[in-house]
Amino acid sequence: KTIVSPNSLSRFIDFPWTQIISSDLPIEGTFDINLSDQPTKLEITSTMEGVALNLPKPFGKSAQEAEALNMQFYFEPNLARLQGSFGEMLKADFYFANKKFEKGRLIYDRIPEPPLENNQLLVAVNLPTIELDSWNPLIDMLQISQKNKASSWETVFDFEFDYLEMAGVNLKNINAQIRALQEGFNITFDSDLASGQIIMPWGQQQLPIIDLTSLKLSKNMFQQSSQNQQVDPRRFTSLDFAVEQLKVEEKELGSLSFELRQEPSGAAFNNISGDLLGVQPGIFDSEAPIEFFWGYDGIQHMSKLVGPLGVTNFADFMDGLSIPKFLDSESGKLELNLSWQAEPWAISKETIQGNVRVNLEDGSFYRSSGGAEATLKVISLFNFANWLRRLQLDFSDVVGKNLAYNKLDAFLSFDKGVLSLNEPLNIDMPSGKMSMGGEFDLVQQTVDAKLVATQILEKLSANAGDIDRQKRKDLIHQ
């Protein structure tokens, strides 16, 4: 019978044991000295009474609790192996060579046990879930230890969780590997909603990097999170983010990357790039990339989106937003300067303000049969194929249900539910031109506008008239 001080454990594995083990360990031991070729064995046991372990659940314990500790040391003649157990679930197996730690693992409820690699301390754990904040003290200890040591082995955490809550998002079936390197933590993970890599540097000179291969979101995830607790963008962590495959429910959106930077009044999303539903932020190298700002003063939220977007097929973008498609395109550009006094996801026709310059090329408008849905009514304001049908103009490039165009230019201004065309919306077609100016009340679904159509092939100018400057809902849908 004797006692072992926490400091003495550093001879086997270099770690700040005094911050984990509260006091000396009372132990009992037996020597099994083998005169043959078998290693000499030292077995040590302890009830750990009077000793607290400052570790997250289920690995920690108070000084009043008793927990069985069993360890076997094998010498050949120097220490070659250490095996042990703590309680019913935690097992240890360490190997040594030339009086130094070579490889080892700590296993908690893992079947089968993961393979053991050289120059590695593997901590493999299977738990239903964990409280992430309870691990911060251990992470801080690892940070100090890893930055100061010059050993040739690394610490690897191999975690399996049934579920985990992070930033208001519930993840299921999580598998994660965390490597404690001198530069910081490297985390690779897979779950039901996301998979990829996270790099968490030790110091504040470098920013975290989130690089995902896939991310699946629910339609109401952000609204539900904000209802559970107030989201404050001023508290966001600055980081770099990228995802290769972004989904909402089962709908594929595409790729996205940005730089998130914390500011005193909110959070800035800079250098946005990607390919989302045929819309390509960051594609114009000669121009400043599109940027988004989410502001909050403690009472009121504010969102602002400014910059250019490249466009391929505009129909894909509308389909991705569940908006009925009324035109397509081969290429184009959107220049945005929009804001709304709400969270990013709370954008609406009543709150949006600002302007959008639209340039589309080589596409078609789709003639629709009409209907009573409010969204269809608003969209039909800009469906020139329907306008021509109602005005009984027979352009040669209206084939079947579509109206082809070569170029579309528009400058759309939004203010308190009203969309204004202060500059005429112009469309060049293979056999004519059209332009429109005026105002559209997106809330009341009324129009006060002027449409001019010119047919080139027959040198016919058909003026659709001033529409008497009256708000005619029957022009929106018959």
Side-chain angles (χ1 to χ4, degrees), residues 167-169 194 207-212 215 217-223 225-226 230-248 251 253-312 314 316-318 320-323 332-359 412-415:
V169 179
L207 297 177
I209 298 173
I210 300 178
D211 188 5
L212 303 182
L215 176 62
L217 306 175
S218 64
K219 287 184 178 179
N220 302 317
M221 185 187 74
F222 296 108
Q223 293 94 321
S225 177
S226 64
Q230 182 68 50
V231 180
D232 189 345
R234 298 172 299 180
R235 297 183 179 180
F236 286 0
T237 300
S238 296
L239 54 82
D240 294 341
F241 176 90
V243 56
E244 294 179 15
Q245 297 178 333
L246 178 62
K247 284 184 177 182
V248 173
K251 185 181 290 292
L253 300 187
S255 61
L256 177 67
S257 67
F258 54 80
E259 297 173 356
L260 171 59
R261 298 295 182 265
Q262 183 189 49
E263 296 189 6
S265 57
F269 298 75
N270 304 325
N271 292 324
I272 303 173
S273 63
D275 190 342
L276 292 171
L277 302 170
V279 176
Q280 299 170 317
I283 196 173
F284 302 106
D285 294 335
S286 60
E287 301 184 40
I290 190 168
E291 297 182 346
F292 177 76
F293 183 77
W294 180 1
Y296 184 56
D297 61 7
I299 301 174
Q300 180 68 52
H301 288 271
M302 184 275 290
S303 302
K304 187 171 185 179
L305 183 63
V306 179
L309 289 172
V311 179
T312 50
F314 199 74
D316 292 338
F317 178 66
M318 291 187 290
L321 298 179
S322 299
I323 297 173
K333 180 180 181 181
L334 307 178
E335 296 182 59
L336 309 179
N337 186 0
L338 299 173
S339 64
W340 54 100
Q341 297 297 315
E343 295 96 332
W345 54 85
I347 185 173
S348 67
K349 56 181 176 287
E350 292 87 358
T351 60
I352 190 170
Q353 290 186 297
N355 53 71
V356 179
R357 184 172 293 280
V358 182
N359 305 108
L412 314 178
S413 297
F414 298 87
D415 184 28

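For this chain, numbers begin at 1 and follow the sequence in order. Model, not experiment: these values are computed from the prediction.
Of the inter-residue distances, the one linking Met302 atom CE with Trp340 atom CH2 reads 10.0 Å to the nearest 0.5 angstrom. Between the CG atom of Asn355 and the CD atom of Glu335 there is a distance of 9.5 Å, given to the nearest 0.5 Å. Between the CG atom of Asp240 and the CZ atom of Phe258 there is a distance of 9.5 Å, given to the nearest 0.5 Å. For the atom pair CG (Leu276) and OG (Ser255), the distance works out to 6.5 Å, reported to the nearest 0.5 Å. How far CG of Leu412 is from CZ of Arg357: 9.5 Å, rounded to the nearest 0.5 Å.
Listed by chain and residue number, Pro233, Phe236, Leu260, Phe269 satisfy the side-chain contact (heavy atoms from CB on, under 4.5 Å) test with Ala267 (two or more places apart in sequence, or in another chain). Take Asp275 and apply the salt bridge (charged side-chain N to carboxylate O under 4.0 Å, His left out) test, not counting sequence neighbours, and it matches no residue. For the salt bridge (charged side-chain N to carboxylate O under 4.0 Å, His left out) test, no residue two or more places apart in sequence or in another chain qualifies with Glu350. Not a single side chain to side chain donor-acceptor pair (under 3.5 Å) links Asn337 to another residue, sequence neighbours left out. Under the rule for a side chain to side chain donor-acceptor pair (under 3.5 Å), the partners of Thr351 that lie at least two apart in sequence or sit in another chain are Ser348. For Gln262, the side-chain contact (heavy atoms from CB on, under 4.5 Å) partners are Ser238, not counting sequence neighbours. By the side-chain contact (heavy atoms from CB on, under 4.5 Å) test, Leu215 pairs with Ala194, Leu212, Leu217, Phe241, Val243, Leu246, sequence neighbours left out. For Asp232, the salt bridge (charged side-chain N to carboxylate O under 4.0 Å, His left out) partners at least two apart in sequence or on another chain are Arg234, Arg235. Asp211 pairs by the side chain to side chain donor-acceptor pair (under 3.5 Å) definition with nothing, not counting sequence neighbours. Taking the salt bridge (charged side-chain N to carboxylate O under 4.0 Å, His left out) definition, one finds that Glu259 meets it with Arg261, sequence neighbours left out. When the side chain to side chain donor-acceptor pair (under 3.5 Å) test is applied to Gln353, the partners found at least two apart in sequence or on another chain are Asp415.
Closest non-hydrogen pair, Ile290 versus Pro308, comes out as CB-O, 3.7 Å. Leu338 and Phe414 make their closest contact through CD2-CD1, 4.1 Å (heavy atoms, listed as atom of the first residue, atom of the second, distance).
Applying side chain to side chain contact (heavy atoms under 4.5 Å, CB included) to Pro281 and the options Leu309, Leu305, Leu334, Asn271 leaves one that passes, Leu309.
Taking the side chain as every heavy atom from C-beta outward, Tyr296 and Val231 never approach each other to under 4.5 Å.
Judged by distance alone, the side chain of Ser303 and the main-chain N or O of Ala342 form a donor-acceptor pair under 3.5 Å. No side-chain donor-acceptor contact under 3.5 Å links Gln341 to the backbone of Gln300.
The side chain to side chain donor-acceptor pair (under 3.5 Å) contacts involving residues 285-294 comprise Glu287-Lys333, Trp294-His301, where partners must be two or more places apart or lie in separate chains.
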